[in-house]
Amino acid sequence: MTPPAPSLLRCLFLGLSALVPPTFTKLQLQVAPGFSNLRVVEGSDVVLPVWYTKLGQESPDPSWKVLSAIWYLQKKDEKTKQVLAYFSTSNVIKESRVSLIYPMPSHNLSLRLENLQEQDSGFYYCSVNVEGNKDFKDHDSSKMVELNVLIPPAPPSCTLQGVPRAGANVTLSCQSPRSKPPAQYQWTGPSLYTKTFSPRFLDMVRGFLNLTNLSTSMSGVYVCKAHNEVGSAQCNVTMEVSSGQ
Ligand SMILES: *[C@@H]1O[C@H](CO)[C@@H](O)[C@H](O)[C@H]1NC(C)=O
Ligand SMILES: *[C@@H]1O[C@H](CO)[C@@H](O)[C@H](O)[C@H]1NC(C)=O
Ligand SMILES: *[C@@H]1O[C@H](CO)[C@@H](O)[C@H](O)[C@H]1NC(C)=O
Ligand SMILES: *[C@@H]1O[C@H](CO)[C@@H](O)[C@H](O)[C@H]1NC(C)=O
Ligand SMILES: *[C@@H]1O[C@H](CO)[C@@H](O)[C@H](O)[C@H]1NC(C)=O
């Protein structure tokens with residue numbers, strides 16, 4: 001004769017699991033405050049501080065074992081790229097210059113990027129799979145780290161367009177071949193701020209300085225400084241204004 005206990009237990013079990021809200025097992029990724037938008041200079045190293053917790057909690061549950069963790073890089077107009085993958089059954093597969101800072105398995109999935117290159121810019125996010133949470137694969141798009149690799153202006157080149165004769169007009173131009181964000185340009189010269197110099201002849205974005213109605217006193221060295229938020233570089237051009245026709 002079969003005892004009634006098992007079916008009673010099953011009823012109890014079903015009853016209990018129905019009481020447990022499904023959100024109980026959900027995971028969420030955390031990004032350290034202030035680290036969701038990083039602007040870093042080319043050539044330097046950076047750590048993207050990210051870890052996972054149970055939904056609604058601040059700190060991780062150390063008893064949970066991570067089965068897999070994958071870091072992705074998403075760039076505008078490009079296919080999402082996998083930069084690092086950990087699976088408990090194999091070694092970490094990764095791109096060069098990328099590593100996890102804590103040995104796996106760990107709840108802390110912070111990613112180190114070394115010798116940053118311009119192409120490392122983009123949105124980084126990660127997806128984890130934890131024992132007992134096999135359905136957790138989505139990522140929360142608000143938990144991404146935007147990395148912007150900045151480049152100080154490369155040395156600009158200075159040129160003089162036109163013939164510097166008294167009464168004539170010339171344009172001094174200054175261009176840095178590489179800068180992120182784009183460089184802004186500033187010109188200084190022997191007579192620029194002492195004589196009637198109007199800033200409307202200065203184009204800070206394109207690097208032009210237009211000089212009109214030249215006189216011999218405007219002769220001298222003109223220096224252009226290309227600058228952005230991470231650096232500056234300069235060049236100069238010497239202008240000799242001739243008095244003849
Ligand atoms: C995870 O590691 C990062 C980088 O070391 C650290 O800033 C962060 O506080 C760690 N998170 C937790 C919850 O320990
Ligand atoms: C020089 O520029 C001024 C102002 O733009 C203009 O009026 C003048 O005609 C120009 N002179 C020459 C020689 O091009
Ligand atoms: C300065 O000169 C450049 C090239 O000659 C010209 O394209 C530009 O319009 C001029 N800008 C001003 C403000 O005169
Ligand atoms: C150009 O400069 C000369 C001498 O500096 C001055 O006499 C003349 O009035 C100026 N011309 C214009 C158009 O500003
Ligand atoms: C002009 O540039 C040269 C070479 O780039 C540099 O040696 C010189 O010191 C510069 N002069 C000024 C006044 O900036």
Side-chain angles (χ1 to χ4, degrees), residues 22-23 25-56 60 64-154 175-183 205 228-231:
T23 52
T25 52
K26 276 232 166 152
L27 298 180
Q28 66 179 358
L29 286 167
Q30 304 275 352
V31 179
F35 282 82
S36 50
N37 196 324
L38 300 172
R39 295 169 78 77
V40 189
V41 185
E42 185 184 47
S44 57
D45 300 349
V46 73
V47 170
L48 314 183
V50 167
W51 60 93
Y52 68 86
T53 64
K54 279 183 193 175
L55 190 67
W64 288 20
K65 192 176 173 230
V66 63
L67 297 175
S68 70
I70 304 175
W71 269 99
Y72 299 95
L73 168 59
Q74 181 185 308
K75 294 169 74 122
K76 209 167 161 270
D77 307 324
E78 275 183 40
K79 235 180 103 191
T80 297
K81 190 172 85 169
Q82 188 175 304
V83 294
L84 184 145
Y86 160 80
F87 297 99
S88 57
T89 49
S90 69
N91 291 329
V92 171
I93 304 154
K94 63 183 196 65
E95 300 266 298
S96 61
R97 301 186 290 107
V98 175
S99 56
L100 290 167
I101 68 173
Y102 297 99
M104 286 310 235
S106 167
H107 57 257
N108 198 318
L109 304 168
S110 296
L111 190 74
R112 174 182 282 119
L113 294 153
E114 286 168 57
N115 186 17
L116 286 173
Q117 310 290 308
E118 190 184 5
Q119 74 263 20
D120 299 333
S121 297
F123 290 91
Y124 286 82
Y125 65 90
C126 122
S127 99
V128 285
N129 196 350
V130 167
E131 213 160 58
N133 286 270
K134 292 194 170 57
D135 57 339
F136 183 84
K137 289 220 174 63
D138 300 331
H139 76 276
D140 175 353
S141 59
S142 69
K143 301 292 181 187
M144 295 210 270
V145 178
E146 182 176 8
L147 176 67
N148 234 305
V149 179
L150 306 183
I151 303 162
Q175 268 305 312
S176 170
R178 195 162 177 262
S179 174
K180 192 183 160 200
V205 174
N228 69 10
E229 64 190 84
V230 288

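Just so it is clear, the model here is predicted, and its values are computed rather than measured.
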Where do T80 and Y125 land on the side chain to side chain contact (heavy atoms under 4.5 Å, CB included) test, with the steps shown first? CA-CA 10 Å; T80 297; Y125 65 90; 3.7 Å; yes

Is there a side-chain contact between L29 and L109 in this structure, where contact means two heavy atoms from C-beta onward sitting under 4.5 Å apart? yes

Given L147, I151, L38, the one that forms side-chain contact (heavy atoms from CB on, under 4.5 Å) with L116: L147

Between N108 and S106, does any side-chain donor sit less than 3.5 Å from a side-chain acceptor? no

Any side-chain heavy-atom pair from D45 and R97 closer than 4.5 angstrom? no

Assess whether side chain to side chain contact (heavy atoms under 4.5 Å, CB included) is satisfied between V50 and W71, documenting all intermediate values. CA-CA 11 Å; V50 167; W71 269 99; 3.6 Å; yes

Taking atom CG of L48 and atom OG of S36, what is their separation to the nearest 0.5 Å? 11.0 Å

Just by distance, do the side chain of Q117 and the backbone of N115 share a donor-acceptor pair under 3.5 Å? yes

In the structure I gave you, are the side-chain heavy atoms of V205 and P182 within less than 4.5 Å of one another anywhere? no

Nearest atoms (heavy-atom pairs only) where G231 meets P153: O-CD, 3.4 Å

Check whether any side-chain heavy atom of P181 sits under 4.5 Å from a side-chain heavy atom of L150, and report yes or no. yes

Would you indicate whether the side-chain heavy atoms of E95 and K81 approach each other to under 4.5 Å? yes

Side chain to side chain contact (heavy atoms under 4.5 Å, CB included) between V230 and E42, intermediate numbers included: CA-CA 10 Å; V230 288; E42 185 184 47; over 6 Å; no

Does a side-chain heavy-atom distance below 4.5 Å link L84 with I93? no

Looking at V47 and F35, what are the two nearest heavy atoms and their distance? O-CD2, 4.3 Å

Side chain proximity check, I70 to F87, heavy atoms < 4.5 angstrom: yes

So, the side chain of S121 versus the backbone of V149: is there a donor-acceptor pair under 3.5 Å, distance only? yes

Contact summary for Q119 and K75, nearest pair of heavy atoms: O-NZ, 2.5 Å

